[in-house]
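Positions are given from 1, in the same order as the sequence printed here.
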Amino acid sequence: MKKFAINEFYEFVSEPKTFRPGDQIVVQHAELPVVENELSVSLWLKLKNHASDWAIIFHKGTERLIRTPGLYLMPNTSKLHVRFTGNWDNNVGIEEIGDELLLNQKYHLTYTLSDPEKRLDFYINGEWVAFYSIENVKTHKVKFNDGPLYIGRFYREGFNGEISNFRYFNWRLSAEEAMKNYLNSRPFN
């Protein structure tokens, strides 16, 4: 019997939605497209203020260090902190990306992760801005999980701002697909 892979994505937040630090959306694992060894997440984000503590944009998993995928904002600066869980370390990824996110500025963010390619890539407004590469390719693996996806608050506060076009893909978007996704999605009014 042949097995066919189907590329699917679900959009959980289409229209702009305001989030306060205590707000969250919880998407159960069974509601997400089936992920084998790759995934991508994209969304539009506009922050209203910087948090004094870590803030969660999204986190998939049942515990703090089960986080494939995970996107967080660093305290006071809102620099992006891009994470996943591996079989060798619970907290792997890109420590910080560039400058702080500007308040009331619209950003299209795309997170892509692939175990076969052993890499995590991150795009802002369709442009590739950072990556993390798994060095020990023979034994290190990405740990995907069957926990819920939290948008906003989970084990700590979420962000204060707006999101729209929150999409969860069951494949790793290529650079061209990330740019196309950015160009074909609707930002805030």
### Between OG1 on residue Thr139 and CG on residue Asn87, distance to nearest 0.5 Å
7.0 Å
### Task
Can you measure from NE2 (His140) to CG (Asp115) and round to the nearest 0.5 angstrom?
11.5 Å
### Task
Report the C-alpha separation of Asn76 and Met74 in whole Å, then their side-chain angles, then the decisive distance to 0.1 Å, and conclude whether the side chain to side chain contact (heavy atoms under 4.5 Å, CB included) test is met.
CA-CA 7 Å; Asn76 303 313; Met74 297 179 76; over 6 Å; no
### Message
How close do Ser78 and His50 get, counting heavy atoms only, and between which atoms?
### Response
OG-ND1, 2.7 Å
### Task
Would you check if the side chain of His29 reaches a backbone N or O of Pro148 as a donor-acceptor pair within less than 3.5 Å?
no
### Message
Counting the benzene-type ring for Trp, do Tyr168 and Phe58 have ring centres under 6.0 Å apart?
### Response
no
### Query
Are Ile57 and Leu73 close enough, and set up right, to give a side chain to side chain contact (heavy atoms under 4.5 Å, CB included), and what steps lead you there?
CA-CA 7 Å; Ile57 298 175; Leu73 297 170; 3.8 Å; yes
### Message
Does Asn184 have more than 12 heavy atoms from other residues, nucleotides or ligands lying within 6.0 Å of its CG?
### Response
yes
### Query
In a check of ring pair (Phe, Tyr, Trp, His ring centres under 6.0 Å) between Phe159 and each of Trp54, Phe19, Phe154, which one passes?
Phe19
#### Entry: Approximate separation, where rounding is to 0.5 Å, of Lys60 NZ and Ile66 CD1
10.0 Å
### Query
When clusters are formed by joining ILVMFWY residues with side-chain heavy atoms under 4.5 Å apart, either directly or through shared neighbours, do Leu71 and Val129 land in the same one?
yes
#### Entry: Residue of the set Leu43, Leu39, Asp121 for which side chain to side chain contact (heavy atoms under 4.5 Å, CB included) holds with Tyr111
Leu39
#### Entry: Distance-minimising heavy-atom pair for Gly98 and Lys79
O-CE, 3.3 Å
### Message
Looking at Gln105, I'd like to know if its CD atom is crowded, meaning that more than 12 non-hydrogen atoms belonging to other residues, nucleotides or ligands lie closer than 6.0 Å.
### Response
yes
### Query
Less than 4.5 Å apart, any side-chain heavy atom of Glu177 and any of Ser40?
no
#### Entry: Verify same cluster id: Tyr10, Leu113 (apolar side-chain graph, 4.5 Å)
yes
### Intermediate values then yes/no, side chain to side chain contact (heavy atoms under 4.5 Å, CB included), Leu45 and Leu101
CA-CA 10 Å; Leu45 175 71; Leu101 296 181; 4.0 Å; yes
### Query
With no hydrogens and no angle check, do the side chains of Glu38 and Ser114 hold a donor and an acceptor under 3.5 Å apart?
yes
### Task
Go through the steps to decide whether Phe166 and Leu149 satisfy the test side chain to side chain contact (heavy atoms under 4.5 Å, CB included), and finish with yes or no.
CA-CA 12 Å; Phe166 190 102; Leu149 172 68; 3.8 Å; yes
### Query
Can you name the nearest heavy-atom pair linking Tyr72 to Arg83, along with the distance?
CE1-CG, 3.7 Å
### Query
Do other residues, nucleotides or ligands put more than 12 heavy atoms under 6.0 Å from Glu8 CD?
yes
### Query
Is Val35 reachable from Phe84 through a run of hydrophobic residues whose side-chain heavy atoms are each under 4.5 Å from the next?
yes
### Message
Given 3.5 Å as the limit, does a donor-acceptor pair link the side chain of Glu157 with the main chain of Gly22, or not?
### Response
yes
### Query
So if you build clusters from Ile, Leu, Val, Met, Phe, Trp, Tyr with side-chain heavy-atom gaps below 4.5 Å, do Val142 and Leu65 land together?
no
### Task
Treat each ILVMFWY residue as a node, draw an edge where side-chain heavy atoms are under 4.5 Å apart, and state whether Ile163 and Ile97 are in one component.
yes
#### Entry: Least distance between heavy atoms, Pro69 atom then Val41 atom
CG-CG2, 4.0 Å
### Summary
Between the OG1 atom in Thr112 and the CZ atom in Arg172, the distance rounded to the nearest 0.5 Å is 4.5 Å
### Message
Side chains of Thr77 and Glu96, heavy atoms from C-beta outward: is any pair under 4.5 Å?
### Response
no
### Query
Can a donor-acceptor pair be found between the side chains of His108 and Tyr123 at a distance below 3.5 Å?
no
### Approximate separation, where rounding is to 0.5 Å, of Lys106 NZ and Leu47 CG
14.0 Å
### Task
Quick one: closest heavy-atom pair of Ser14 and Ser164, and the distance?
O-CB, 3.5 Å
### Message
I need the Leu173 CG to Ser42 OG distance, nearest 0.5 Å.
### Response
7.0 Å
### Query
Of Trp44, Tyr107, Trp128, which meets ring pair (Phe, Tyr, Trp, His ring centres under 6.0 Å) against Tyr182?
Trp44
### Query
Of the non-hydrogen atoms in Met179 and Gly126, which two are nearest, and what is the gap between them?
CE-O, 3.4 Å
### Query
Applying the side chain to side chain donor-acceptor pair (under 3.5 Å) test to Arg67, which of Asn90, Asn145, Asn91, Thr85 qualifies?
Asn91
### Query
Is the backbone of Arg20 close enough, under 3.5 Å, to the side chain of Asp23 for a donor and an acceptor to pair up by distance?
yes
